[in-house]
Q: 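Before we start, here is the structure in question, set down as structure tokens.
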Protein chains: 2
Amino acid sequence: MNAVFKAIADPTRRKVLALLRQRSMTAGELSDHFPVSRPTMSAHFAVLREADLIEANKVGTTIFYQLKLSVLEDALLGFSQLFGIGVADHMTTDPTGGARPKATREGADE
Amino acid sequence: MNAVFKAIADPTRRKVLALLRQRSMTAGELSDHFPVSRPTMSAHFAVLREADLIEANKVGTTIFYQLKLSVLEDALLGFSQLFGIGVADHMTTDPTGGARPKATREGADE
DNA sequence: CATCAATTTCGATGATTAGCTAAATAGCGA
DNA sequence: TCGCTATTTAGCTAATCATCGAAATTGATG
């Protein structure tokens, strides 16, 4: 979870995630949205990959990056719950009474 | 919002916020929970203050730090909504249809 | 096989950051 | 005023980070 927070600490990476929310895009296509060099973007992708926030799919010489929303979701959820913040899943007030496949967090930080 | 994400990128600072969730504590009391020097903790407090995540109240020579939950909440909320993640307020599925006092975000990042 | 395109890896650099010790500031009580 | 306590500021170092250009990798195509 630390890796996730480190990853989203950077504005460029947050924007990459936001772009990927809609459709998965190639590394080059993503890079075109930012005023930095390809190698720099590649490094950002590596950080996001390391945090398991995105997934790479190589097709020929092209790499498609895809958002792993559940990982982002779990991190945000876990942290938020530490604070009683309503940051909830798609089902906030859990009507099942606790049959979550996500995880029950209480000290999942660090 | 960038400042908030930078602030919570550090595990020590996240833990400080978590400690502050219950009761407000003095700088020294907070410091006692970590294996680093007072000046280092003071620097962490400064970052959290800078991000407006905590508030300082000086009483004599002692400083009480208090969590500003709403700021954390807004940042988390705003970011999460960018992804359609349910990270919602205390009222997730907004039955009012959009009468929120928090803010309506759509490009609030960066 | 030679070349082109997409992307990453390498190696370097300047900026930021977390950490420390020592010193400064500020309030309080004798 | 002197000394004690709480906290921050100052000055420094080591590590991490974002960035770049050049080179390497990998796959496709003529």
Q: CG of B:Leu30 to OH of B:Tyr65: how many Å apart, nearest 0.5 Å?
A: 9.0 Å
Q: Measuring from atom CD1 of B:Ile54 to atom CZ of B:Arg13, what distance do you get when rounded to the nearest 0.5 angstrom?
A: 10.5 Å
Q: Drop me the distance from A:Ser80's OG to B:Leu72's CG, to the nearest 0.5 angstrom.
A: 7.0 Å
Q: Under 4.0 Å from any atom of DNA chain D, heavy atoms only: list the residues of residues 48-59 of chain B that qualify, in numerical order.
A: B:Arg49
Q: What's the spacing between A:Leu82 CG and B:Lys15 NZ if we round to 0.5 Å?
A: 10.5 Å
Q: Between N or O atoms, less than 3.5 Å apart, protein on one side and nucleotides 17-19 of chain C on the other: list the pairs.
A:
{"unit_1": "C:dA18", "atom_1": "OP1", "unit_2": "B:Arg13", "atom_2": "NH1", "d": "3.2"}
{"unit_1": "C:dA18", "atom_1": "OP1", "unit_2": "B:Arg13", "atom_2": "NH2", "d": "2.8"}
{"unit_1": "C:dG19", "atom_1": "OP2", "unit_2": "B:His44", "atom_2": "NE2", "d": "2.5"}

Q: For B:Leu53 and B:Ala7, which heavy atoms make the closest approach, and how far apart are they?
A: CD1-CB, 3.8 Å
Q: Where the side chain of B:Pro39 is concerned, which of D:dG21, C:dT21, D:dA6 is the nearest nucleotide?
A: C:dT21
Q: Would you mind reading off the distance between A:Phe34 atom CZ and D:dT19 atom C1', rounded to a whole angstrom?
A: 15 Å
Q: Please classify the nucleic acid contact of B:Phe64 as base, sugar-phosphate, or nothing, using heavy-atom distances under 4.0 Å.
A: nothing
Q: Testing the basics here: between B:Val71 and B:Ala51, what is the closest heavy-atom pair and its distance to 0.1 Å?
A: CG1-O, 3.9 Å
Q: Can you find a side chain N or O atom of A:Ser42 that sits less than 4.0 Å from OP1 or OP2 on C:dT8?
A: yes
Q: Start with the C-alpha gap between A:Val4 and A:Phe79, add the side-chain angles, then the distance that decides, and say whether side-chain contact (heavy atoms from CB on, under 4.5 Å) holds.
A: CA-CA 11 Å; A:Val4 171; A:Phe79 184 63; over 6 Å; no
Q: To the nearest Å, give me how far apart CZ (B:Phe45) and P (D:dT8) are.
A: 7 Å
Q: Taking the side chain of B:Ile63 as heavy atoms from C-beta outward, which of C:dA6, D:dT7, C:dT8 is closest to it?
A: D:dT7
Q: Nearest-Å distance, CG (B:Leu30) to P (D:dT8)?
A: 10 Å
Q: Using a 6.0 Å cut-off, check whether atom CD of B:Glu29 has over 12 heavy atoms from anything other than its own residue.
A: yes
Q: Under the side chain to side chain donor-acceptor pair (under 3.5 Å) rule, collect the residues that match up with A:Ser37, sequence neighbours excluded.
A: A:Thr40
Q: In whole Å, what is the span from the CE atom of A:Met41 to the P atom of D:dC17?
A: 17 Å
Q: Measuring to OP1 and OP2 of C:dA6, would you say a side-chain N or O of A:Tyr65 lies under 4.0 angstrom away?
A: no
Q: Identify whether any heavy atom of A:Ser31 sits under 4.0 Å from a base atom; if not, whether one sits that close to sugar-phosphate; answer base, sugar-phosphate or nothing.
A: nothing
